[in-house]
Amino acid sequence: MLKQILADMYIDPELLAELSEEQKQILYFKMREEQVRRWKEREAKLEQNEATNRNHTKKKASKKSVNWQLGADQDVWVWIMGEHASDKSYDVICDEIIAERARNQAEKEAEERRKTQEEELSRLSEALTLQTQSDSVDKWRKSVESKKHARVEEARMAEEKRINEENEKKAMALKTQEKDNERLEERTQEIYMNWKEAQEVKQKLEKEDPEWQASLRKSKAADERRRSMAKQARDDYKRLSMQAIERGSVAEKMRSFGGEVKRPGLPPKPKVAGSGNCGIVRSDRRQGVRRMNSSSTRENIIKWFKEEQLPIWYKTGTGFAAWFHGIISRTDSEDLLKSHGAGSFLLRVSEKIQGYVLSYRSEEGYSHFLIDASGTSYSFLGVDQLQHGTLADLVEYHKNEPITSLGKEMLLYPVDQRSNPPDYSDLLE
């Protein structure tokens, strides 16, 4: 089932609804891994094609790669702003941003004011230059008529005047620059104080608003829970993968399916037309997710159970366990569990897909874990490494081993039938 989902990169909404929150996180983690694997495979093919083309066309190929930085735990390194000891607080960052914006605004206003002054000074300088030239010409003419050294005198007077004008301009420019700097600092401080005051008023109003406070607490709690669940999903995946490698006994359990044993709680073993054997071996089961019309879902599930699952129950050597239930809804399963304490559980045939669901009661409420029965073994959907030969093996294993690290779900107290006939009677008709 998991292979089919990863191959299609699609999960049916009804199947998704059957998954617990932990199983969803594990499934998302696996789908992301598959995306990265496909990307690497595609990039490798592109590089191979480019290398082939280079041999013929001698064109330079571009190399692309993505390398994730790893942390001390050899997992992808993630930085969450505000959690490191050297990170600045939110208030300090906001304060620096406001100060920077105020400075930029004041500099922009000073630049516009400077341009206006320069234009006015330019017009005044042109007018003074024309007047000076006119005065100089008149004096020169008079001097030529009356004195022999008019040129020398005119040059001296022009030089003195030029020096005086330059000194006046420098003094004026220095004074103007000082005033501009003072205005810039005053304006920067004014803008900063206005924005800072507005932000403080806004924060004060938000802190006094109980609805905003409640929303903030819920948002932080949800973020923390998502981070915790994602981390626990990765930890569960790695932990169960290592356990699957150590166990390595699925094949031996498959070989133990042979032999016919009569037991209470099951009807006589049916004959299969055209076959000398009266059971269906597990390897004949179809692979992948089975999608069905909602109008015939229950009929198809009953048919699937009779054809593929019932022969397996015959071959296991035991009848239906106390925790086994038929096709009942999530609400009905929670109704059965509510009169029992934490650690109670039951295993039911799913009403939406061809598989099983383990319903569990904890201190916090109820959890429902989808069990993949589409292959040659049983396992919780999302973690396909740890597989069990029978449902009884799965239940027995999780009596001592939690289903998830986050929930610590241990299967302690099986919940038996409450009705007569039992709720799985339609599976045996």
Side-chain angles (χ1 to χ4, degrees), residues 66-72 75-133 135 158-228 230-231:
V66 173
N67 295 318
W68 301 102
Q69 184 176 349
L70 303 180
D75 203 349
V76 177
W77 184 85
V78 179
W79 173 68
I80 301 176
M81 185 176 69
E83 292 190 354
H84 194 272
S86 61
D87 287 350
K88 297 178 182 179
S89 66
Y90 175 78
D91 292 335
V92 172
I93 294 175
C94 291
D95 195 59
E96 290 179 353
I97 292 174
I98 291 175
E100 179 66 20
R101 290 178 178 175
R103 182 76 180 182
N104 293 339
Q105 180 68 20
E107 288 179 352
K108 183 179 179 181
E109 293 177 359
E111 182 65 22
E112 293 176 354
R113 191 164 52 251
R114 189 179 298 110
K115 288 181 180 180
T116 303
Q117 291 176 352
E118 287 178 354
E119 291 176 357
E120 293 177 355
L121 288 174
S122 178
R123 289 194 296 269
L124 180 61
S125 177
E126 290 177 359
L128 289 174
T129 301
L130 293 174
Q131 183 64 33
T132 301
Q133 290 177 352
D135 294 343
E159 182 66 19
E160 288 180 355
K161 191 167 186 176
R162 185 184 64 78
I163 292 173
N164 291 335
E165 288 177 353
E166 288 181 354
N167 290 336
E168 290 177 359
K169 287 181 178 179
K170 288 180 181 179
M172 185 180 293
L174 181 61
K175 190 175 181 180
T176 302
Q177 182 66 32
E178 291 177 353
K179 290 182 178 179
D180 289 343
N181 290 339
E182 291 177 0
R183 289 196 197 100
L184 178 62
E185 292 300 327
E186 291 175 359
R187 183 57 179 164
T188 300
Q189 189 65 20
E190 180 183 354
I191 295 173
Y192 171 78
M193 293 304 296
N194 290 339
W195 288 355
K196 183 68 175 176
E197 183 179 357
Q199 185 187 35
E200 289 176 352
V201 171
K202 181 181 177 182
Q203 290 178 348
K204 184 177 180 181
L205 292 175
E206 288 176 344
K207 289 179 180 179
E208 293 175 353
D209 186 359
E211 293 184 0
W212 184 87
Q213 286 291 335
S215 176
L216 181 62
R217 286 193 297 271
K218 289 181 180 179
S219 177
K220 289 183 178 179
D223 290 341
E224 182 63 28
R225 178 169 175 79
R226 277 194 294 270
R227 285 197 296 268
S228 176
K231 183 178 182 303

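Note that the structure is predicted; figures quoted are calculated from it, not measured.
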Checking Glu109, Glu107, Arg103 against Gln105 for side-chain contact (heavy atoms from CB on, under 4.5 Å), the one that qualifies is Glu109

Does a side-chain N-to-carboxylate-O contact under 4.0 Å join [X] and [Y]?
X: Glu119; Y: Lys115; result: no
X: Glu165; Y: Arg162; result: no
X: Lys179; Y: Glu182; result: no

Between Thr176 (side chain) and Met172 (backbone), is there a donor-acceptor pair under 3.5 Å?
yes

query: Just wondering, are more than 12 heavy atoms of other shown residues or ligands nearer than 6.0 Å to CZ in Arg183?
result: yes

Give a yes or no on this: more than 12 heavy atoms of other residues, nucleotides or ligands lie within 6.0 Å of atom CD of Glu197. no

Here the gap from Glu166 atom CD to Lys169 atom NZ, rounded to the nearest 0.5 Å, amounts to 7.5 Å

d(Leu174 CG, Gln177 CD) to nearest 0.5 Å is 8.0 Å

side-chain contact (heavy atoms from CB on, under 4.5 Å) between Glu200 and Lys196: does it pass, once the steps are laid out?
CA-CA 6 Å; Glu200 289 176 352; Lys196 183 68 175 176; 3.4 Å; yes

Walk me through whether Leu184 and Asp180 qualify under side-chain contact (heavy atoms from CB on, under 4.5 Å).
CA-CA 6 Å; Leu184 178 62; Asp180 289 343; over 6 Å; no

Pair Glu168, Asn164: side-chain N/O donor-acceptor within cut-off below 3.5 Å: no

In short, Ala102 meets Tyr192 closest at the heavy-atom pair CB-N, 3.6 Å

Taking every heavy atom of Gln199 against every heavy atom of Ile98, the minimum-distance pair comes out as OE1-CD1, 3.1 Å

Practice prompt. Could you tell me whether the side chain of Lys108 reaches within less than 4.5 Å of the side chain of Glu112, counting heavy atoms only?
Written response: yes

- Can you find a heavy atom in the side chain of Arg114 that is under 4.5 Å from one in the side chain of Glu111? yes

